[in-house]
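See structure below.
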Amino acid sequence: MTEIKINMLENCDDLFPAKAHEDDAAYDLRARENVVLIPQRSTLVPAGFKMELPVGFEAQIRPRSGLALKHDLMLTNSPGTIDAGYRGEVGVIMYNAGKENFEIKRGDRIAQMVICKLPEVKLVQSEELSDSGRGAGGFGSTGKK
């Protein structure tokens with residue numbers, strides 16, 4: 001098992017990332033402070049902790065489906081990526097796609113974090129690529145006609 005070091009900011013122990021259920025894939029992230037999300041605007045919401053990921057790992061910050069469906073809230077850069085070398089406070093860039101202000105209170109669950117082991121890959125330059133069924137078909141090329 002890989003251990004990830006979590007450093008909670010002062011007075012933020014109650015915000016420690018946790019899974020709601022043992023078999024969940026993601027850890028819930030909570031807001032460190034009260035924030036008002038203004039319509040049609042992105043806002044950085046601090047999560048109250050720093051972390052140390054081992055080399056070869058990343059953390060992906062993803063939206064919560066209930067906030068998206070019920071309140072038109074999304075993450076501007078979804079999924080957000082936290083690299084192994086980052087040591088600052090984790091923050092969530094939230095976007096209010098709704099028409100009214102949305103209040104986030106300290107301790108509210110705002111996003112999910114998935115820790116992923118990265119594959120070891122090497123990019124190599126090539127003059128040719130093998131054929132595939134899709135070929136060079138662009139965006140939407142496999143969808144409805």
Side-chain angles (χ1 to χ4, degrees), residues 1-125 129 132-145:
M1 177 177 294
T2 303
E3 290 188 2
I4 307 295
K5 294 179 182 177
I6 302 292
N7 175 251
M8 300 307 296
L9 298 182
E10 188 174 343
N11 299 318
C12 290
D13 288 342
D14 59 319
L15 306 176
F16 195 90
K19 293 182 178 184
H21 305 97
E22 186 176 309
D23 59 349
D24 284 352
Y27 295 86
D28 289 329
L29 301 187
R30 299 178 179 275
R32 176 170 59 85
E33 57 191 33
N34 297 338
V35 177
V36 175
L37 301 178
I38 298 168
Q40 312 306 308
R41 187 179 270 172
S42 292
T43 304
L44 181 63
V45 182
F49 71 96
K50 300 174 182 180
M51 62 192 303
E52 182 179 332
L53 292 166
V55 172
F57 284 79
E58 70 159 330
Q60 295 181 4
I61 308 302
R62 301 178 181 181
R64 294 182 51 80
S65 58
L67 290 177
L69 178 64
K70 297 174 186 172
H71 304 289
D72 293 324
L73 301 180
M74 57 185 77
L75 305 188
T76 308
N77 65 327
S78 180
T81 297
I82 300 173
D83 296 309
Y86 180 68
R87 295 292 186 273
E89 181 178 7
V90 171
V92 178
I93 304 171
M94 300 189 73
Y95 182 79
N96 181 353
K99 295 179 179 163
E100 302 196 10
N101 287 352
F102 185 85
E103 287 187 45
I104 297 213
K105 305 265 192 230
R106 176 187 162 75
D108 284 353
R109 292 179 296 165
I110 55 171
Q112 304 178 85
M113 178 175 69
V114 175
I115 307 292
C116 300
K117 183 167 178 48
L118 301 169
E120 291 186 31
V121 299
K122 179 180 180 182
L123 300 180
V124 295
Q125 191 167 355
L129 303 176
S132 73
R134 181 175 179 183
F139 296 100
S141 64
T142 59
K144 295 180 181 179
K145 295 185 181 209

message = Could you go through Leu37 and Val45, starting from their C-alpha distance and side-chain angles, then the distance that decides it, and tell me whether this counts as side-chain contact (heavy atoms from CB on, under 4.5 Å)?
response = CA-CA 9 Å; Leu37 301 178; Val45 182; 4.2 Å; yes
key: Derivation of the salt bridge (charged side-chain N to carboxylate O under 4.0 Å, His left out) call for Lys99 and Asp72   = CA-CA 9 Å; Lys99 295 179 179 163; Asp72 293 324; over 6 Å; no
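A distance of 12.0 Å separates NZ in Lys117 from CG in Leu53, rounded to the nearest 0.5 Å. The structure places CG of Leu9 at 4.5 Å from CD of Glu89, a figure rounded to the nearest 0.5 Å. Here the OH-CE distance, from Tyr27 to Met51, works out to 9.0 Å after rounding to the nearest 0.5 Å. The CG atom of Asn77 lies 9.0 Å from the CD1 atom of Ile61; values are rounded to the nearest 0.5 Å. A distance of 13.0 Å separates CG in Leu75 from OH in Tyr95, rounded to the nearest 0.5 Å. Here Phe16 contributes atom CZ and Ile6 contributes atom CD1; the two are 5.5 Å apart, rounded to the nearest 0.5 Å.
Salt bridge Glu103/Lys105: present, at least one basic N to carboxylate O contact under 4.0 Å. The pair Arg106-Asp14 meets the salt-bridge criterion, with a side-chain N (NZ, NE, NH1 or NH2) lying under 4.0 Å from an Asp/Glu carboxylate O.
The closest donor-acceptor contact from the side chain of Gln60 to the backbone of Thr81 lies at 3.5 Å or more, if one exists at all. Between the side chain of Lys19 and the main chain of Asp24, a donor-acceptor pair closer than 3.5 Å is present. Of the possible donor and acceptor atoms, none in the side chain of Asp28 sits under 3.5 Å from a partner among the backbone N and O of Arg109.
Nearest heavy atoms, Ala84 versus Pro54: CB-O, 3.5 Å. Considering every non-hydrogen atom in both Arg62 and Pro79, the closest pair reads CG-CB, 4.1 Å. The two residues Val114 and Ala26 make their nearest non-hydrogen contact at CG2-CB, 3.7 Å. Considering every non-hydrogen atom in both Thr76 and Ser42, the closest pair reads OG1-OG, 2.6 Å. Considering every non-hydrogen atom in both Met8 and Gly48, the closest pair reads CE-O, 3.6 Å. For the residue pair Gln40 and Gly98, the shortest heavy atom distance occurs at NE2-O, 3.1 Å.
With contacts defined as side-chain heavy-atom distances shorter than 4.5 Å, the pair Phe49/Leu15 does not qualify.
When each of Leu44, Val35, Leu29, Thr43 is tested with Val92 by the rule side chain to side chain contact (heavy atoms under 4.5 Å, CB included), just one qualifies, namely Leu29.
For Phe102, the ring-ring contact (aromatic ring centres under 6.0 Å, His included) partners are His71, not counting sequence neighbours.
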